[in-house]
Novice: 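This is the structure I have questions about; it appears just below.
These figures come from a predicted structure and were not determined experimentally. Residue numbers start from 1 in every chain, and the chains themselves are labelled A, B, ... in the order their sequence lines are given, proteins ahead of strands.
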Amino acid sequence: MGIIMENRLTNFILSIADTTLILAQRNAEWCGHGPILEQDIAITNISLDLLGQSRNFYQYAAQIIGNNATEDSLAYLRTEREFKNLLLVEQPNGDWGQTILRQYLFSQYQYLLFEQLQNNADEQLAAICTKALKEIKYHVRWSSEWVVRLGDGTAESKERMLNAIDELWSYTGEMFIPAEYEKEMGIDFNALQNNWSAKVKALFTEATLSVPENIYMQSGGKQGIHTEHLGLILTELQYVQRAYPNSQW
Amino acid sequence: MSIQNFEQHFQAQIDNEIKIEPKDWMPEAYRKTNIRQISQHAHSEIVGMLPEGNWISRAPSLKRKAILIAKAQDEAGHGLYLYSAAETLGMSRDEMIADLHSGKAKYSSIFNYPTLSWADVGAIGWLVDGAAIMNQVMLTRTSYGPYARAMVRICKEESFHQRQGFESLLVLSKGTAEQKAMCQDAINRWWWPSLMMFGPKDTESTNSDQSMKWKIKRKTNDELRQNFVDMIAEQIKVLGMKLPDNKLNWNEQRKHYDFGEINWDEFWAVVKGNGPCNKQRLAARRKAHEEGRWVREAAMAYTEKKKSKSSLEAA
């Protein structure tokens with residue numbers, strides 16, 4: 001594999017690793033604070049799945065990078081300008097409606113993306129994605145059910161869902177704009193966007209919600225230009241490793 | 001049968017090691033004691049997620065983060081089976097939770113101590129889960145069937161947690177000088193509160209005699225505490241750390257470790273609500289419940305809509 005191709009693959013894998021890690025970190029904030037015990041368990045379980053996925057991607061990236069890189073050096077010792085996660089996943093949890101919507105918008109995208117990647121020419125990448133698809137299928141189902149329940153629940157829950165859409169929608173655009181390192185990964189971004197839009201529209205209709213139009217889209221996450229939230233997330237996430245460097249845990 | 005006959009039959013069942021099941025006749029006090037104890041245990045699992053949860057975002061490696069999240073999730077699961085076991089005695093989960101939030105129901109005082117360093121997470125696994133297991137292993141043989149069965153499942157997961165906690169301290173004990181100091185400091189702070197988990201001394205315990213007769217408990221507070229001290233006094237040697245008790249000594253005659261006196265003033269202060277985190281723990285639980293109200297209402301409203309829609313379609 002040429003060096004340029006290798007760098008692209010590494011950056012691509014890191015971008016998925018970062019996205020899944022940051023969403024795992026956000027979802028875990030609910031642990032012990034969920035609206036009902038069963039759902040506390042569900043969101044924590046999704047956090048754990050995403051963390052597991054991120055570890056698979058970091059381990060693979062570490063293997064390609066070599067030089068004693070490990071899953072932990074990649075997660076704990078890179079700065080916010082090096083993180084390539086989607087802006088969507090670093091947004092605050094907000095209320096349960098906002099967390100649910102963020103999960104749905106992401107999981108639906110992740111499902112369609114990984115469905116393409118399971119046939120990727122890079123066998124290890126394909127294998128990791130195939131394994132993750134089983135989990136993501138459940139995440140899509142769980143979050144879809146909640147979007148419908150809250151959208152079509154009470155007047156208050158609907159109001160909160162409308163607010164969540166307003167908060168999050170502008171962060172969905174960058175999912176479909178390929179970063180430099182994504183351009184030769186064999187992903188059909190047009191199909192990804194069309195399929196995603198169709199799925200979201202159908203679900204929103206069932207939930208008596210509507211898809212906003214003509215919203216200005218934010219971007220930059222994939223290139224390491226983040227919202228102010230990411231720096232604070234990493235401050236917490238990386239604290240112990242940075243306070244006690246070169247230690248085993 | 002007269003009440004007296006019912007009581008004789010009930011005690012005979014217990015004496016013959018036959019489990020009491022939800023539909024069996026039982027004295028009102030037996031029912032109440034079990035509701036109190038099982039719900040308190042469920043609340044402890046749920047409140048117990050908070051001090052450890054405090055370190056999920058800062059866990060020092062991805063592996064430790066995964067283990068910690070899985071552990072907190074197991075605890076939520078334990079809370080769930082325990083609430084279900086208590087519900088078989090006729091009190092709803094909502095009522096039990098209302099009692100927790102009003103302060104009427106208690107939970108284990110240990111969770112009113114703060115987690116101040118990463119090593120505290122390991123110390124909780126090793127010492128707090130270790131102490132809990134002493135009690136829980138006994139409870140797998142408790143006389144109330146649903147509680148005993150819930151405990152069998154919980155014990156398997158708890159002993160895994162304890163091993164994880166110990167292993168994480170073992171890594172610290174072999175680490176840098178700072179990590180060793182962090183490990184010793186956590187042990188110093190968690191040791192005495194762990195001993196308090198077994199409750200008052202037998203001579204001071206108000207619920208013990210009847211609970212022993214009904215085989216809700218099978219060992220006294222002091223017996224369990226002694227077993228725990230004997231176990232930990234050996235395990236700490238592997239860590240190369242010290243327990244903060246200069247009276248800790250092997251007693252060849254008793255074949256047990258002697259140990260110092262618990263600070264009972266502190267014990268009662270924490271039980272009565274004056275521990276370092278009592279207010280914060282309850283506040284966190286109440287906040288989650290209040291902020292979740294609209295979610296629960298929406299879920300109910302949605303289910304109702306679906307029901308009336310499907311009954312319309314059926315009509």
Side-chain angles (χ1 to χ4, degrees), chain A residues 21 24-42 44-45 47-48 51-52 54-55 58-59 70-72 74-76 95-97 100 145-146 148-161 233 236-241 243-249, chain B residues 42 45-66 68-70 72-77 79-80 83 93 97 117-118 168 171-172 174-176 178-179 182 284-285 287-306:
Chain A
L21 174 64
Q25 180 86 353
R26 276 297 193 208
N27 283 341
E29 291 172 24
W30 279 104
C31 183
H33 306 277
I36 190 165
L37 198 46
E38 286 81 349
Q39 301 309 325
D40 199 308
I41 294 174
T44 305
N45 191 36
S47 170
L48 200 53
L51 179 60
S54 79
R55 294 183 66 190
Y58 281 127
Q59 285 164 12
T70 63
E71 56 171 354
D72 288 332
L74 295 173
Y76 286 85
D95 61 17
W96 184 249
I100 287 297
E145 286 169 4
W146 271 106
V148 173
R149 222 175 260 141
L150 298 179
D152 193 18
T154 59
E156 181 183 0
S157 69
K158 183 179 193 119
E159 187 59 35
R160 287 175 181 269
M161 287 311 279
I233 294 174
E236 239 180 288
L237 191 146
Q238 300 178 338
Y239 154 70
V240 179
Q241 283 267 353
Y244 305 93
N246 305 315
S247 308
Q248 296 299 310
W249 299 97
Chain B
E45 297 282 355
I46 303 307
V47 177
M49 294 166 76
L50 300 171
E52 291 177 295
N54 182 38
W55 278 89
I56 290 176
S57 66
R58 292 174 289 171
S61 72
L62 297 180
K63 181 183 126 189
R64 295 288 172 205
K65 192 190 286 286
L68 187 54
I69 294 175
Q73 197 193 15
D74 282 348
E75 278 151 12
L80 212 50
Y83 283 126
R93 200 208 299 184
I97 289 174
S117 81
W118 168 250
S168 115
V171 171
L172 296 181
K174 291 177 176 165
T176 63
E178 281 167 312
Q179 287 177 304
M182 188 190 280
R285 288 312 314 158
K287 182 167 181 273
H289 191 73
E290 284 309 311
E291 289 180 356
R293 186 180 304 281
W294 72 270
V295 178
R296 298 189 298 275
E297 284 170 2
M300 293 255 281
Y302 179 75
T303 309
E304 285 305 314
K305 274 188 203 177
K306 284 283 130 179

Novice: Rounded to the nearest 0.5 Å, how far apart are CG of A:Leu51 and CD1 of B:Ile69?
Specialist: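 A:Leu51 CG to B:Ile69 CD1: 5.0 Å, rounded to 0.5 Å.
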Novice: Can you tell which part of A:Gln25 gets under 4.5 Å to a heavy atom of chain B, answering side chain, backbone, both or neither?
Specialist: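 Contact with chain B: side chain only.
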Novice: What part of B:Glu178 is in contact with chain A, defined as an atom under 4.5 angstrom from a non-hydrogen atom: side chain, backbone, both or neither?
Specialist: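 The answer is the side chain of B:Glu178.
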Novice: At a 4.5 Å cut-off on heavy atoms, which part of B:Leu62 comes close to chain A: side chain, backbone, both, or neither?
Specialist: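 It is both, since atoms from each part get that close.
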Novice: Which pair of heavy atoms, one from B:Met49 and one from A:Cys31, lies closest together, and at what distance?
Specialist: CE-SG, 3.9 Å
Novice: If every non-hydrogen atom of B:Val171 is compared with every non-hydrogen atom of A:Trp249, which pair is closest and at what distance?
Specialist: CG1-C, 3.5 Å
Novice: Output the option from A:Glu156, A:Glu29, A:Lys158, A:Gln238 having the highest count of non-hydrogen pairs under 4.5 Å with chain B.
Specialist: A:Glu156
Novice: Under a 4.5 Å heavy-atom cut-off, does chain A meet the side chain of B:Thr176, its backbone, both or neither?
Specialist: side chain
Novice: Can you tell which of B:Arg285, B:Glu297, B:Lys63, B:Arg293 has the highest number of heavy-atom pairs within less than 4.5 Å of chain A?
Specialist: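 Counting heavy-atom pairs under 4.5 Å, the top option is B:Lys63.
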Novice: Select one option (side chain, backbone, both, neither) describing which atoms of B:Lys65 are under 4.5 Å from chain A's heavy atoms.
Specialist: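 When you check distances to chain A, atoms from both the backbone and side chain of B:Lys65 fall under 4.5 Å.
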Novice: Can you tell me which portion of B:Leu80 sits under 4.5 Å from chain A's heavy atoms? Options are side chain, backbone, both or neither.
Specialist: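 Both backbone and side chain.
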Novice: Minimum heavy-atom separation for B:Gln179 to A:Ser247, with atom names?
Specialist: NE2-CB, 3.5 Å
Novice: Nearest heavy-atom pair of B:Ala66 and A:Arg55: which atoms, and what distance?
Specialist: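 Result for this residue pair: CB-NH1, 4.1 Å.
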Novice: Nearest heavy-atom pair of B:Gly77 and A:Ile41: which atoms, and what distance?
Specialist: N-CD1, 3.7 Å
Novice: Do you know the tightest heavy-atom contact between B:Ala298 and A:Thr154?
Specialist: CA-CG2, 3.8 Å
Novice: Could you look at B:Arg58 and say if it's the side chain, the backbone, both or neither that has a heavy atom under 4.5 Å from chain A?
Specialist: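 Both the backbone and the side chain of B:Arg58 come within 4.5 Å of chain A.
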Novice: Measure from the side-chain N and O atoms of A:Gln241 to the backbone N and O of B:Ser61, and report whether any donor-acceptor pair falls under 3.5 Å.
Specialist: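 Not confirmed, A:Gln241 side chain does not pair with B:Ser61 backbone.
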Novice: Would you mind checking which part of B:Met300 comes under 4.5 Å of any heavy atom in chain A, side chain (CB onward), backbone (N, CA, C, O), both or neither?
Specialist: neither
